[in-house]
Amino acid sequence: VRYKWICERKLRQTARKAKVPDAVVHHDGYDFLIEVERTLKKNSYYERIFERLSCDYPEAEAVLYLTDGLSMLLHLQNLPVLLIQPTIFL
């Protein structure tokens, strides 16, 4: 199997963490944390989440944000904690 998807419900069953990502994808030896954003939150929220997830999941390559709105994508793009630019997939 080249990839494995672990949903939030399953993560909550095994993790002793206050915040778990919406999903974790294991692909070709790499781990990616998935966050689905439906509502825009304050910058401080995202900064706390990035810090918490990076501490709790140090093996993760990246946190991937999925959103349906361009305005939210542009907001995430301007956060100082992002190391790479968000990409729009159509």
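Scanning both residues, Val20 and Ala15, for their nearest heavy atoms gives CG1-CB, 3.9 Å. For the pair Val25 and Ile34, the tightest heavy-atom approach, listed with the atom from each and the gap, is CG2-CG1, 3.9 Å.
Checked against a 6.0 Å centroid threshold, the rings of Phe50 and Tyr65 count as neighbours.
Between Glu35 and Lys19 there is a salt bridge, since a side-chain N of the basic residue sits under 4.0 Å from a carboxylate O of the acidic one.
Judged by distance alone, with hydrogens and angles left aside, the side-chain atoms of Lys4 form no donor-acceptor pair with the main-chain N or O of Arg2 at under 3.5 Å.
For Arg9, the side chain to side chain contact (heavy atoms under 4.5 Å, CB included) partners at least two apart in sequence or on another chain are Cys7, Gln13. For Ser44, the side chain to side chain contact (heavy atoms under 4.5 Å, CB included) partners at least two apart in sequence or on another chain are Lys42, Arg48.
Shown here is Glu61, whose CD atom has more than 12 heavy atoms of other residues, nucleotides or ligands within 6.0 Å. Within 6.0 Å of NZ on Lys10 lie no more than 12 heavy atoms contributed by other residues, nucleotides or ligands.
Side-chain atoms of Glu37 and Tyr46 include a donor-acceptor pair closer than 3.5 Å.
With respect to Pro21, the side chain to side chain contact (heavy atoms under 4.5 Å, CB included) criterion is satisfied by exactly one of Ile6, Asp31, Asp56, Leu33: Leu33.
Taking the six-membered ring for Trp and thresholds of 30 and 60 degrees, Tyr3 and His27 have ring planes inclined between 30 and 60 degrees apart.
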